Enquirer: 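The following block contains the structure, expressed as structure tokens.
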There are 2 protein chains.
Amino acid sequence: MPTDKVPDIVVGRLPLYLRTLNYLIEEGYEIVSSHELGRRLGISPAQIRKDLSHFGEFGKQGAGYDVKYLSSQLKHILHVEGVWPVALVGCGALGHALANYNGFVTKGFEITLIFDNDPAKIGQVVAGKVIHDVADMPRLICEHGIRIAIVAVPSSAAQATVDVLVRCQVRAILNYAPINISVPPGVQVQNIDPAVHLQRMTYYL
Amino acid sequence: MPTDKVPDIVVGRLPLYLRTLNYLIEEGYEIVSSHELGRRLGISPAQIRKDLSHFGEFGKQGAGYDVKYLSSQLKHILHVEGVWPVALVGCGALGHALANYNGFVTKGFEITLIFDNDPAKIGQVVAGKVIHDVADMPRLICEHGIRIAIVAVPSSAAQATVDVLVRCQVRAILNYAPINISVPPGVQVQNIDPAVHLQRMTYYL
DNA sequence: TCTCTCTTGTGAAAGCAATCACATACTCCT
DNA sequence: AGGAGTATGTGATTGCTTTCACAAGAGAGA
Ligand SMILES: NC(=O)c1ccc[n+]([C@@H]2O[C@H](COP(=O)([O-])OP(=O)(O)OC[C@H]3O[C@@H](n4cnc5c(N)ncnc54)[C@H](O)[C@@H]3O)[C@@H](O)[C@H]2O)c1
Ligand SMILES: NC(=O)c1ccc[n+]([C@@H]2O[C@H](COP(=O)([O-])OP(=O)(O)OC[C@H]3O[C@@H](n4cnc5c(N)ncnc54)[C@H](O)[C@@H]3O)[C@@H](O)[C@H]2O)c1
């Protein structure tokens, strides 16, 4: 029973399913049951079946799911069959780590443009890419048709950076600055703040 | 009407409230309403009031919340009044960025021990701390009474690293390896995987 | 072929979470 | 001092998510 309107919370789990399926492929699995997948993810088998049922029928009764097939279907659903070009803004300590991270390409992303506003950094080469002046960001992002950006600038510069990105037609932003940024409707934002994650755990200590 | 058993999802929002309150303090606010706080966070005022009501009555009718007071109360609830010593395992590109990150201390954390298994790195000084051999991890973590660790090792080493940490009485783990790790009940885990966050957004593009 | 076992996909039920709406109470202004 | 305006805290309600439970399909072995 395909796509009515899929809850965000379901969409949020699909990348986790996909990640685990790809590990299963590496391990040589050809078939996996919702039970085994759930065991690895700490999620109930029923929930996995229900989640997938939003998009179609991918399994075979009595057997389970063909791992490669389900992986390819999830890539299709998530629009990561190809490789999205991504802009990285802010090439400090964290930006360097991200630029050199080799885990993106197999997941459907490649950092193709890097920006900073520090004259000492502009022109330097990081991970095979030149660091561009943020002043050139509108032009370059437009020319490359970039839709996705990673923001790794100081908090004080984050909102202004995001505003520029949004004007450049960027529609998905991964924000590392520890601040709440605001964007117009239709622009996706995901935030990563390790301090927030740590504080979520200390409550229980 | 204080603490019955607070839902995890409520606890998960408290660090966001705290973060925003601290920005409000910097901006000179003394009082804030649930409406204004909600506007900044993209959360409904009613939800904020309901969340806080799990822990007590912090506001004043007709006025709002005393920003400093509420901040201090949230710090108390989240057990981040002091500074937790944290172990960092894996001092590669990402580990370096984390070790040098100055945003932790004001949030209640300080990386006090750094470990790696690369002989070329062991003994080097990063952010004023010596990189220790992972072989010494059990002893040092025990001696320092560390309860919180950040894992920034390759995926292939993550589960084994976590197993050691758990045996050393670490009870909260922030995992950057893009893999699902399993831990015994009572151990908190939070995962950060930028590729997962990006894939959550591409669905909507 | 028939039976037994396994696993999916899915309505129904149960369990959680978010929102509503208002009594209550505090502030500010005249 | 008193009234108008404002914002909290919370029971009731609505809405959403997860789990349950089972019919139906697939394969394996006798
Ligand atoms: N280092 C970490 O591990 C870490 C962890 C969590 C969050 N963060 C956050 O990520 C962001 C970057 O952290 P970092 O450690 O790399 O800091 P950093 O100071 O090393 O790097 C910031 C970079 O952004 C550049 N920059 C500043 N303003 C800019 C602008 N307007 N446009 C473009 N570039 C600009 C600076 O020149 C610098 O290169 C910060 O918001 C920080 O709070 C970092
Ligand atoms: N670089 C990034 O921006 C980024 C982003 C997301 C996730 N990650 C993940 O974070 C982890 C680290 O990434 P990185 O880019 O720093 O990789 P890296 O290869 O630069 O660093 C890994 C470090 O871990 C050390 N190490 C390896 N095995 C170890 C062990 N058993 N015990 C202790 N130390 C060990 C290595 O010596 C190295 O110093 C990886 O799992 C990676 O997938 C990195």
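Quick note on labels: first sequence line is chain A, next is B, and so on, each numbered from 1. Remember, it's a predicted structure, so these values are computed and weren't measured experimentally.
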Enquirer: Is it the case that atom CD in Glu110(A) sees more than 12 heavy atoms from other parts of the structure closer than 6.0 Å?
Expert: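 Enclosed.
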Enquirer: Determine whether a donor-acceptor pair (N or O, by modelled atom type, separation under 3.5 Å) exists between the side chain of Gln199(B) and the backbone of Leu78(A).
Expert: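 Not at all, since once roles are kept as given, no pair shorter than 3.5 Å links the two residues.
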Enquirer: To the nearest Å, how far apart are Leu70(B) CG and dT8(D) P?
Expert: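 Atom-to-atom, Leu70(B) to dT8(D), this comes out as 11 Å.
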Enquirer: Looking at every heavy atom in both Ala152(A) and Leu94(A), which two are closest together, and how far apart are they?
Expert: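 Here Ala152(A) and Leu94(A) meet closest at CB-CD2, 4.4 Å.
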Enquirer: Looking only at side chains, do Ser34(B) and Arg49(B) share a donor and an acceptor under 3.5 Å apart?
Expert: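 Distance-only check passes for Ser34(B) and Arg49(B).
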Enquirer: Roughly, in whole Å, what's the span from CD in Glu57(B) to P in dG11(D)?
Expert: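 From Glu57(B) CD to dG11(D) P: 11 Å.
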Enquirer: How about Tyr23(A) and Asn180(B): does a side-chain donor come under 3.5 Å of a side-chain acceptor?
Expert: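 Side-chain D/A pair, Tyr23(A) to Asn180(B): absent.
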Enquirer: Strictly by modelled atom types, are Gln159(A) and Asp163(A) linked by a side-chain donor-acceptor pair under 3.5 Å?
Expert: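 A donor-acceptor contact under 3.5 Å links the two side chains.
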Enquirer: Roughly how many Å is it from OH in Tyr69(B) to C1' in dT8(D), rounded to a whole number?
Expert: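 That distance rounds to 14 Å.
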Enquirer: Between the protein and nucleotides 16-19 of chain C, are there any N/O to N/O pairs under 3.5 Å, and if so, what are the atom names and distances?
Expert:
residue : atom : partner  : partner atom : Å
dA18(C) : OP1  : Arg13(B) : NH1          : 3.2
dA18(C) : OP1  : Gln47(B) : NE2          : 3.4
dA18(C) : OP2  : Arg13(B) : NH2          : 3.0
dA18(C) : OP2  : Gln47(B) : NE2          : 3.3
dA18(C) : O5'  : Gln47(B) : NE2          : 3.0
dT19(C) : OP2  : Ser44(B) : OG           : 2.8

Enquirer: Of all the heavy-atom pairs spanning Lys121(A) and Gly92(A), show the shortest one and how long it is.
Expert: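 For Lys121(A) and Gly92(A), the tightest heavy-atom pair comes out as NZ-CA, 3.7 Å.
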Enquirer: Could you tell me how the ring of Tyr203(B) sits relative to the ring of His79(A): parallel (under 30°), tilted (30 to 60°) or perpendicular (over 60°)?
Expert: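 Ring orientation, 0 to 90° scale: parallel.
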Enquirer: Polar atoms only, N or O, under 3.5 Å: list the protein pairs with nucleotides 28-30 of chain D and their distances.
Expert:
none

Enquirer: Restricting both atoms to N or O, compile the protein contacts to nucleotides 2-7 of chain D shorter than 3.5 Å, with distance only.
Expert:
residue : atom : partner  : partner atom : Å
dA7(D)  : O4'  : Gly62(B) : N            : 3.2

Enquirer: Any donor and acceptor pair, going by atom type alone, linking the side chain of Thr20(B) with main-chain N or O of Leu16(B) inside 3.5 Å?
Expert: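 Such a contact is found between Thr20(B) side chain and Leu16(B) backbone.
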Enquirer: Does NZ in Lys60(B) sit with more than 12 non-hydrogen atoms of other residues, nucleotides or ligands closer than 6.0 Å?
Expert: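 No - once you tally the heavy atoms of other residues, nucleotides and ligands closer than 6.0 Å, there are 12 at most.
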Enquirer: Rounding to an integer number of Å, can you tell me how far Phe55(B) CZ sits from dT8(D) P?
Expert: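 Taking atom P of dT8(D) as the reference, CZ of Phe55(B) is at 18 Å.
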Enquirer: Measure NE2/His35(B) against C1'/dG9(D) and give the value in whole Å, please.
Expert: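 In whole Å, dG9(D) C1' lies 18 Å from His35(B) NE2.
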Enquirer: Heavy-atom count around Lys68(B) NZ within 6.0 Å, excluding the residue itself: above 12?
Expert: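 No, NZ of Lys68(B) has 12 or fewer neighbouring heavy atoms, counting only those of other groups under 6.0 Å.
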Enquirer: Just how far, in rounded Å, is C1' of dG9(C) from CG of Leu37(A)?
Expert: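 Spelled out: CG on Leu37(A) to C1' on dG9(C) is 16 Å.
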